[in-house]
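Only one structure is covered here, and it is reproduced in the block below.
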Amino acid sequence: MPVIVIVSGKASPGATTSAAALAWAWPSAVVLADCDPVGGDLTAGWLSPWVLSGWLRRDIGVLSFATATRHDSTATAGSLTEHLQAVPGVPRVRVLTGLQQASHAASVGELGWRRLAEALAETDAAAIVDCGRLGPGTPWPLAWVADLVLVAVRPLPRHVIAARAALAMLRRHVEPARLGLLACAARTSTISSLEHALDVSVRAELPEDHVAASVFSDGMDEPFGLSRSLFARSARTAASRLAAVPVASEREQRAEEVGSDA
Ligand SMILES: Nc1ncnc2c1ncn2[C@@H]1O[C@H](COP(=O)(O)OP(=O)(O)O)[C@@H](O)[C@H]1O
Ligand SMILES: [Mg+2]
């Protein structure tokens, strides 16, 4: 099943919100991995009601996986299982909760991200991986194994400029066939101008909808009729398209390289 990595540029286009909405709308089993190196937002956002009520634990996730596997030279899908938690009410989604603070990234380290990349690549379920804003702490091993790396962008000049810079950095690590755009808060009429400005195809789009977005960014109650809204329908369309992304034939080889360089 495909591994889809989502990153953003300098602005805050809606990467985490979109990752959560795509997982919620995913047609089959999916792992939603919060790998933002400066600290994950999912447990304080979409999943916050479940954290507050004690159904989800923030101490089981990226850091517990990295710690538990720290003596292993490679990681398997099995080594990840106990660090995943089913999302209440959306049982197809298992979450790998993110770092609680930026300083924890040092404990994961490059080798911890490599093991996680290997384990996600081996997992039976698809994976949506939120890697946050590109920067010095970016967990590159996840982008190396990804079947598709999406740059989240809004159709606004400052977002396009931020995405352009992100793409310039990404192109040094990821070949063009594995790069795409995730258009956030976008109208269909703006898609072609985004593609034109950035010279990359839009692979998923979500419309502007503050109420629906606040469910996935802040854990607000689902509004009546959410699942029939344009936002939800777009999320389902995008999720089905992404779920059908072929697993890149050379992924196994890339995952092995990621492991063997370690
Ligand atoms: N499709 C959308 N329509 C309206 N608002 C959105 C949409 N997607 C995200 N947002 C809002 O944008 C803000 C930033 O979202 P977030 O996902 O945290 O950004 P990022 O992860 O890129 O930093 C949040 O307030 C969220 O509710
Ligand atoms: Mg984010």
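Because the structure is predicted, anything quoted here is derived from the model rather than measured. We count ligands from 1, going down the list as the structure has it; atoms in each ligand are counted the same way.
Side chains of Thr97 and Arg58: a donor-acceptor N/O pair is absent below 3.5 angstrom, by distance only. Counted by atom type alone, Arg115 and Thr69 present one or more donor-acceptor pairs between their side chains at under 3.5 Å. Judged purely by distance below 3.5 Å, without hydrogens or angles, the side chains of Glu205 and Ser234 never pair a donor atom with an acceptor atom.
Of all protein N/O/S atoms, those lying under 2.8 Å from the Mg ion (ligand 2) come to 1.
Residue contact check: Gly14 has heavy atoms under 4.0 Å from atoms 9 (C), 15 (O), 16 (P), 17 (O), 19 (O), 20 (P), 22 (O) of ligand 1. Against a heavy-atom cut-off of under 4.0 Å, Ala185 is close to the following atoms of ligand 1: 1 (N), 2 (C), 3 (N). Of all the atoms in ligand 1, the ones that sit under 4.0 Å from a non-hydrogen atom of Thr16 are 17 (O), 21 (O). Short contacts between ligand 1 and Ser217, defined as distances under 4.0 Å to a heavy atom of the residue, involve ligand atoms 24 (C), 26 (C), 27 (O). Near Ala15, meaning under 4.0 Å from any of its heavy atoms, are these atoms of ligand 1: 17 (O), 19 (O), 20 (P), 21 (O), 22 (O). Proximity to Phe231 (heavy-atom distance under 4.0 Å) selects the following atoms of ligand 1: 1 (N).
We find that Arg178 and Glu175 are joined by a salt bridge, their nearest charged nitrogen and carboxylate oxygen being less than 4.0 Å apart. Ion pairing of Arg114 with Glu118 is absent here, as no side-chain N (NZ or NE/NH1/NH2) approaches a carboxylate O to less than 4.0 Å.
When only non-hydrogen protein atoms are considered, atom 18 (O) of ligand 1 lies nearest to Thr17 OG1, 4.2 Å. The nearest heavy-atom contact from the protein to atom 7 (C) of ligand 1 is Ala213 CB, 3.5 Å. Given atom 23 (O) of ligand 1, the protein heavy atom at minimum distance is Ser12 OG, 2.3 Å.
For Pro207, the heavy-atom gap to ligand 1 drops under 4.0 angstrom. Ligand 1 lies less than 4.0 angstrom from a heavy atom belonging to Asp209. Assignment of Arg154 to the shell around ligand 1 is supported, since a heavy atom sits closer than 4.0 Å. Every heavy atom of Ala152 sits 4.0 Å or more from the atoms of ligand 1.
At under 3.5 Å, not a single nitrogen or oxygen of Asp218, backbone or side chain, sits near a nitrogen or oxygen of ligand 1.
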